[in-house]
Amino acid sequence: MQTERMARNAVSLVLPLLMSMALTAAPQSAPAGVTQAKPAQHVAEAQRGTTPAGAAAESEERERDWWKNAVIYEVYPRSFQDSNGDGVGDLNGITSRLDYLKALGVDAIWLTPVYPSPQVDFGYDISDYRSIDPQYGTLADFDHLVAEAKKRGIRVLMDMVMNHTSDQDPWFLASRSSRDNPYRDWYMWHDGKEETANDKGAPPNNWQSEFGHSAWQWDEKTRQYYYHKFYPQQPDLNWDNPKVHEAFKQIIAFWLERGVAGFRFDAITTLFEDPKPVINAFGEPQTDGFKTEFLPGVHTVMQEMRAWCDTFDSPSFPGTRVLIGETYMKNISSLDEEYGTREKPEFQLPMDTQLAFINRCDVSAFRTKIHEVEDGIDGNTPLLLFDNHDNPRLDVRYGDGVHDTAIQRVLATVLLASRGAALMYYGDEIGMKTTPPKRIEDVKDPMGITGWPKEKGRDGERTPMQWDASANTGFTTATAKPWLPVPPSAATINVAEEEKDPNSLLNWFKALTRMRKTVPSMGAAGAETLIDNDNAKVLSWTRKAPGEASVVIAANFTADPQTANLAGEDAGLKTAQLRTLLKSPGGKDPISADRIELQPFGVYIGQVK
Ligand code: GLC
């Protein structure tokens, strides 16, 4: 997770939908999923040679490369849809909403952890890696979800938490039972400083947990400390132990064989620690992050996991197994390293958090980060995102309280009209607002309990998905008590309302995902070029696939109207006539690329005729 959470501001004005949006991209009936995998039968036919070789090769490539242009949707299962009225979302709830996700143009869903867990960190403390927490359902419900998702061309990705387990995991229970238990060295045990028979001594060093206080927890029974990067109930595994590697390979195999299409590797950069004391020039112990994060062993582990995942192919849903990394890297060159090399690949899709957390509508900052990712990752596929379950939502980080919906259209455009895979967080498509608890007694996230009132925790971005204006917003039964309260904004910000409104944010997202699949230059083959690079107000770029018409995208990053001239440096655009594919509500259709008029935070997308 990101270590510095944004201080929240109190902006929450609902922008009246003043403008009318033209959705001229493609007919509603356009076939979804041009880039999605074909059913296995087609592959079998192709292999038998019953389809032309060219088409077969193309379809095979599409399946292999499905992730390169994928729209991945993060589902926080507790909060997405409750099917049994206990106020907590579950797997059958997700299954019941698959048609919605298909209509949104989603290619894959990433489920945050649904494994059995004491839920100290809401699933990120796993006590059994091969099952489903009864709160969320059963393995049979999981198989049903995967099968139903597959029918709709949607793949399922799991969260893989390898940094730590729950303190209730049988491995840890064994490990803490005695110093000579065979599982002892699966975790990071350490003597206290200056230990004596009667005294536990001080923690081995002054490392701090991500969630506050010392990262070392004293264990009275065996009289040693164990290390926990996160909560004390999340002891860190010892990745210097080859048995830990083997155990995770078997867990990964278990889920791949069940048909999952890949994993999001949680907190991956913190897998290794180097507890050898280093004394700085002032004679003090050196405790910088470089001793607990980004250690080189992470690369070795990910090369191993990638090679392992690459050996799996499921006839029921062919295509590459994809490894996504929770990679909050310091800069683009360290992000580049997360891809590995051609000989030793690591993640296909390490998250580009550089762009995600600029946290202000600043054209030049966006341009810099987009340039960097285009130039700095050696032709690999970027995984763009703006949001997740650990950070305040976009209203807080990018909104101005007046133009929030228009700003979120701009962000959705950067996310979905750029080259690469796109990762979105549930509720972003309708503009859900961060709604933190008002009283400490209502806080659920232990981070908020520890940090209150300065740090209110992550409940505010995990509130129930807003489906309609009914009591409990369609998330659970009207009489149930949802695990987190439904925000008041659900009265107007909800799927049912936005489905009806052609100018809604939801319909903007749908238009963009449809365009990715139906306009060739907006697909994986569409190269991206930033243009009009001196413009401090409008971010513009083109997409062009070989032999296909270019697409021009212009997004106004300011609260004032702007006119962009995109005919400048790009010869192809000098005389170009444009056909509008999508524009913000009330926006104008330009005749040519030299005069694109944009409203405050307005967006224009046009195809060169
Ligand atoms: C990741 C998760 C976060 C969790 C932490 C510890 O950062 O995204 O939610 O608390 O890991 O597992």
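Bear in mind the structure is a predicted one, so any value in this text is a computation, not a measurement. When a residue number appears, it is its place in the shown sequence, counting from 1. Note that ligands are numbered from 1 as they come in the structure, with each ligand's atoms numbered from 1 the same way.
Side chain of Thr341 to backbone of Lys344: a donor-acceptor contact under 3.5 angstrom is found.
Side-chain contact between Leu157 and Val260: absent, with no pair of heavy atoms (C-beta onward) separated by less than 4.5 Å. Here the side chains of Tyr227 and Tyr187 are not in contact, with every heavy-atom distance at 4.5 Å or above.
For the pair Arg184 and Trp189, the cation sits on the ring face: its NZ or CZ lies under 6.0 Å from the ring centre, inside 45° of the axis. In this structure, Lys481 forms no cation-pi arrangement with Trp483, as its terminal cationic atom is not both closer than 6.0 Å to the ring centre and no more than 45° off the ring axis.
Not a single heavy atom of Glu210 sits less than 4.0 Å from an atom of ligand 1. For Asp266, the closest heavy-atom approach to ligand 1 falls below 4.0 Å. Residue His164 places a heavy atom less than 4.0 Å from ligand 1. The shortest separation from a heavy atom of His228 to ligand 1 is not under 4.0 Å, leaving the residue out of contact.
For Asp442 and Lys438, the salt-bridge test fails: no basic side-chain N is under 4.0 Å from an acidic carboxylate O.
In the vicinity of Asp121, heavy-atom distances shorter than 4.0 Å reach the ligand 1 atoms 4 (C), 5 (C), 6 (C), 10 (O), 12 (O). The atoms of ligand 1 that sit less than 4.0 Å from any heavy atom of Phe230 are 5 (C), 6 (C). Listed by number with element, the atoms of ligand 1 under 4.0 Å from a non-hydrogen atom of Arg458 are 3 (C), 4 (C), 9 (O), 10 (O). Numbered from 1 in the order shown, with element, the atoms of ligand 1 that lie under 4.0 Å from a heavy atom of Glu326 read 1 (C), 7 (O), 8 (O).
Applying the ring-ring contact (aromatic ring centres under 6.0 Å, His included) test to Trp308 and every residue at least two apart in sequence or in another chain returns Phe312. The ring-ring contact (aromatic ring centres under 6.0 Å, His included) test applied to Trp255 returns Tyr115, Phe142, not counting sequence neighbours.
Contacts with ligand 1 closer than 4.0 Å are made by side-chain heavy atoms of Arg462 only, the backbone lying farther away. Contacts between Phe211 and ligand 1 below 4.0 angstrom, taking non-hydrogen atoms only, involve the side chain exclusively. Neither the backbone nor the side chain of Met447 comes within 4.0 Å of ligand 1, counting heavy atoms alone.
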